[in-house]
Each structure stands twice: as C-alpha cells, then as structure tokens.
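Along the sequence shown, residues are numbered consecutively beginning with 1. Small disclaimer: the values here were computed from a predicted structure and weren't measured. Values reported hereafter were calculated over all heavy atoms of this structure, with side chains retained and with hydrogens, waters and symmetry mates removed.
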Amino acid sequence: MSPLLRPLRVALVLGGGGARGLAHVGALAALEEGGFRPDFIVGTSAGAIVGGAYAARPVASDLRKQAMRLVAHGPLQLLERRFKALTEPVEHGFGARVRDRIRQAKKLLLYHRQAMKQALVTNRILDRLAQGMVGSVDFADLAIPFYAVACDLVANQRVVLGNGSVAAAVAASGAIPGVFEPVPDADRLLVDGCVLDVLPCEVARALGADLLIAVDIGHAPELGAPRHAAGIQKRVADLRSENLRQRNRALADLLIEPNVGGIEWMEVSQSELAYQAGYAAARARLPALEHTLHRVCRQTLFGRLFRPTPVPTVPITGIAAREPVPMVEAEPA
C-alpha cells in the first residue's frame with residue numbers, strides 16, 4: 001500500500017432496543033468469526049452497553065457469558081415482570097373483565113405514584129448493568145475506539161461521549177426516559193441516546209467512517225388506530241423515532257437486521273433468542289460484507305489518496321465516573 005494512501009476507516013454502529021441488545025452480542029460473534037474487526041464502534045442505549053463492553057475486551061464468547069449472567073440477575077427479571085403485568089393482552093369473559101379492571105387500577109395507581117418522580121425505578125439497576133459489562137475502564141484504555149451517544153435534556157441536543165469513564169457513558173446512553181433517572185453530569189442532564197439517535201449512523205459518518213456497518217434492532221411502529229390517549233402519544237413518539245431511524249439506515253453501507261421485532265424492550269427472558277437472531281443475521285451478511293468492503297475501497301480510493309485522516313465534525317465530550325454499585329438480588333422501586 002502506498003504510504004500516501006490513507007487506510008479505510010470502518011465503523012460498526014450498534015442501535016438501541018433494550019433487551020433486544022443481546023442480538024448485538026450474537027452479531028459480534030458472527031462478525032468476529034468472519035475476521036471482521038472495526039476501526040471504531042458507535043453505540044446508543046443497548047448498543048452502547050454492548051459496544052463499550054466489546055471495545056474494552058473484543059472477545060465475543062466472553063461478552064456472551066457476561067451478558068447472559070447479568071440479564072439473569074434478579075432486578076432485571078423483576079423489571080420485566082412489572083412491565084408485563086401492565087401490558088398483558090385484553091381477555092374476554094366476566095373474570096377477564098374483572099382482572100382487566102384491576103390491571104387498569106394498578107396502572108392508574110402507578111401513574112400517580114410516579115407522576116412527581118423522575119423515573120419508574122432508580123438507576124442502581126442501570127449502573128450495575130453498565131459496570132458489570134464494562135468494568136472500570138476509561139475510553140483511553142479501550143482495545144477498539146468507541147463512542148457512546150446520549151441526549152442532553154438541558155441543551156436539547158445530542159452528546160457524543162468519548163472521554164472519561166466508559167461505564168458512566170454507557171449508563172447515560174441507556175437511561176430510558178421515564179424508566180430510569182436522567183444522569184446528571186456537570187451542567188448536563190443526560191438520557192437515552194435513542195431520543196435522537198436510535199441508530200447513530202450520522203454520528204459515525206461525522207466521526208470519519210468510510211465504510212459503515214450498522215446493526216439495527218429497532219422495529220416499525222404498529223399498524224392500526226390507537227385506542228386511547230396514551231396509545232396516541234406512544235404512536236406519535238414511535239413515528240418520530242422511526243423517521244430518524246430510516247434516515248440513519250440510509251447512511252449505512254451494509255445493514256444487519258436481526259429478526260427481533262417480536263421481543264419487547266424489557267424482555268430479558270428472551271436474551272438467548274435475541275442472541276441467536278443476531279448471530280444468524282450477521283452470519284448471513286458476511287458474503288455481502290466482503291463485497292461491500294471491496295466496493296467502498298474502490299469508491300473511496302481517490303479521497304483516501306489525497307485526504308488526510310478526517311477530523312470529527314461532532315464535538316466529543318467526556319463524563320465523570322460514578323460510584324460503584326454493589327450487586328444485590330432485589331431492587332426497591
């Protein structure tokens with residue numbers, strides 16, 4: 001290779017999707033088997049947690065064991081059961097109507113209890129998950145460069161975290177509004193990156209990616225008319241998110257789309273299913289990845305020959321480390 005020819009910069013983008021994030025672990029396993037190693041990783045929400053852990057120790061088999069151990073932990077299972085109890089399908093018959101009225105009363109009680117709080121649960125669950133996956137590593141110590149995407153509610157803008165504590169960054173990126181508490185950091189209030197970047201391909205391009213591989217674990221909004229005000233509000237939010245997701249999907253050179261649409265964001269009990277879906281989807285795309293690599297190499301040859309290493313066009317900031325949280329079997333609301 002000519003010393004004047006800048007090497008191709010390959011980015012791996014991991015999108016958000018809660019418990020569906022175990023599909024990222026499966027995708028990484030298949031990509032690793034195919035000899036693929038990105039030059040840098042960009043992740044949001046669940047994609048940030050998995051991406052940060054893999055960037056710290058790029059061994060997919062170890063990542064799988066660690067992820068499965070953590071999602072089997074008591075508090076995450078309790079969180080799944082709580083949300084399932086509030087979203088059970090409507091049944092028919094007198095007994096079913098009684099159970100539905102009780103369920104609706106519980107929803108109303110939960111709403112009033114949480115109305116003056118910032119979140120449904122404390123961030124201890126999220127902090128333990130982030131620390132358990134990533135450890136105490138800093139961005140400067142990562143084996144693969146990595147960036148976590150969050151949203152700042154004070155400045156109303158995207159935040160790209162690439163300095164300081166990786167665990168703190170991925171926890172902020174995964175702080176789902178209304179479920180977990182916003183993460184304070186200096187004059188910022190950080191929440192889940194999916195608010196603005198459910199699949200942060202735009203960020204990866206701004207960080208200088210020539211070739212962009214994206215793993216999308218999102219899914220399109222439901223069809224049909226919403227039945228109540230809460231459903232209408234959710235549909236509006238889903239449509240906004242879907243619009244942003246489709247715009248980012250168009251920026252990817254290769255999309256990996258695990259079949260995880262039937263897994264809800266809190267269903268950690270479906271982790272093995274999500275893992276297998278990610279592995280199968282990425283494995284099937286390995287031939288296309290090889291073809292895409294050669295195509296993008298040719299297309300970017302002129303630019304890489306005469307252009308130095310690109311400078312990021314988005315600001316990269318840091319985040320302070322948070323206090324370690326001990327592992328316990330139960331988590332209070």
Side-chain angles (χ1 to χ4, degrees), residues 14-27 43-50 64 67-68 70-91 99-100 103-104 106-107 110-111 114 119-121 123 125-126 128-130 133 170 173-180 191-195 197-199 215-228 230-242 244-245 256-281 331 333:
L14 304 178
R20 298 191 296 271
L22 269 293
H24 289 318
V25 183
T44 192
S45 197
I49 294 173
V50 173
R64 180 185 185 184
M68 292 300 183
L70 287 168
V71 298
H73 190 55
L76 287 174
Q77 300 289 335
L78 288 171
L79 186 60
E80 175 180 349
R81 288 196 293 270
R82 172 180 289 186
F83 274 93
K84 280 190 172 181
L86 296 176
T87 57
E88 291 175 352
V90 175
E91 303 174 73
R99 288 192 295 274
D100 185 60
R103 187 162 53 246
Q104 295 300 326
K106 287 181 178 179
K107 287 182 182 181
L110 181 63
Y111 174 80
Q114 300 301 134
L120 184 64
V121 296
N123 277 19
I125 295 175
L126 182 61
R128 279 198 299 271
L129 178 61
M133 288 288 286
V170 303
S173 180
I176 302 170
V179 178
F180 298 112
V191 296
D192 196 311
C194 286
V195 172
D197 291 281
V198 69
L199 187 68
V215 183
D216 183 10
I217 57 172
H219 60 86
E222 298 176 358
L223 299 176
R227 294 184 300 170
H228 44 66
I232 292 171
Q233 290 177 334
K234 181 179 183 302
R235 183 66 57 82
V236 170
D238 287 346
L239 288 173
R240 288 172 178 166
S241 176
E242 178 65 7
L244 293 171
R245 185 171 74 98
I256 298 172
E257 303 175 83
N259 182 19
V260 292
I263 301 175
E264 294 294 336
W265 70 267
M266 86 299 290
E267 281 192 291
V268 293
S269 60
Q270 301 299 311
S271 295
E272 181 61 27
L273 183 63
Y275 174 89
Q276 294 298 338
Y279 180 86
E331 178 65 34

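Between Leu199 and Val215 the shortest heavy-atom distance is CD1-O, 3.6 Å. Taking every heavy atom of both residues into account, Ser173 and Ala48 meet most closely at OG-CB, 3.4 Å. The nearest pair of heavy atoms linking Thr44 to Asp197 is CG2-O, 2.9 Å. Closest heavy-atom contact between Val50 and Met133: CA-CE, 4.5 Å. Between Ile217 and Ala23, the shortest heavy-atom distance links the atoms CG2-CB, 3.9 Å. The two residues Asn123 and Phe180 have their closest heavy-atom pair at OD1-CB, 3.3 Å.
The shortest distance between side-chain heavy atoms of Ser271 and Val268 falls below 4.5 Å. No side-chain heavy atom of Glu257 sits less than 4.5 Å from a side-chain heavy atom of His219. Counting heavy atoms from C-beta on, the side chains of Met68 and Leu22 come closer than 4.5 Å.
Rounded to the nearest 0.5 Å, atoms CG (Leu70) and CD1 (Ile125) are 12.5 Å apart. Once rounded to the nearest 0.5 Å, the distance linking OG of Ser269 with CD1 of Ile263 reads 9.0 Å. To the nearest 0.5 Å, atom NE2 of residue His24 and atom OH of residue Tyr275 are 14.0 Å apart. The structure places CH2 of Trp265 at 11.5 Å from SG of Cys194, a figure rounded to the nearest 0.5 Å.
Listed by chain and residue number, nothing satisfies the salt bridge (charged side-chain N to carboxylate O under 4.0 Å, His left out) test with Asp192 (two or more places apart in sequence, or in another chain). By the salt bridge (charged side-chain N to carboxylate O under 4.0 Å, His left out) test, Glu264 is found to be paired with no residue, residues two or more places apart in sequence or in another chain being considered.
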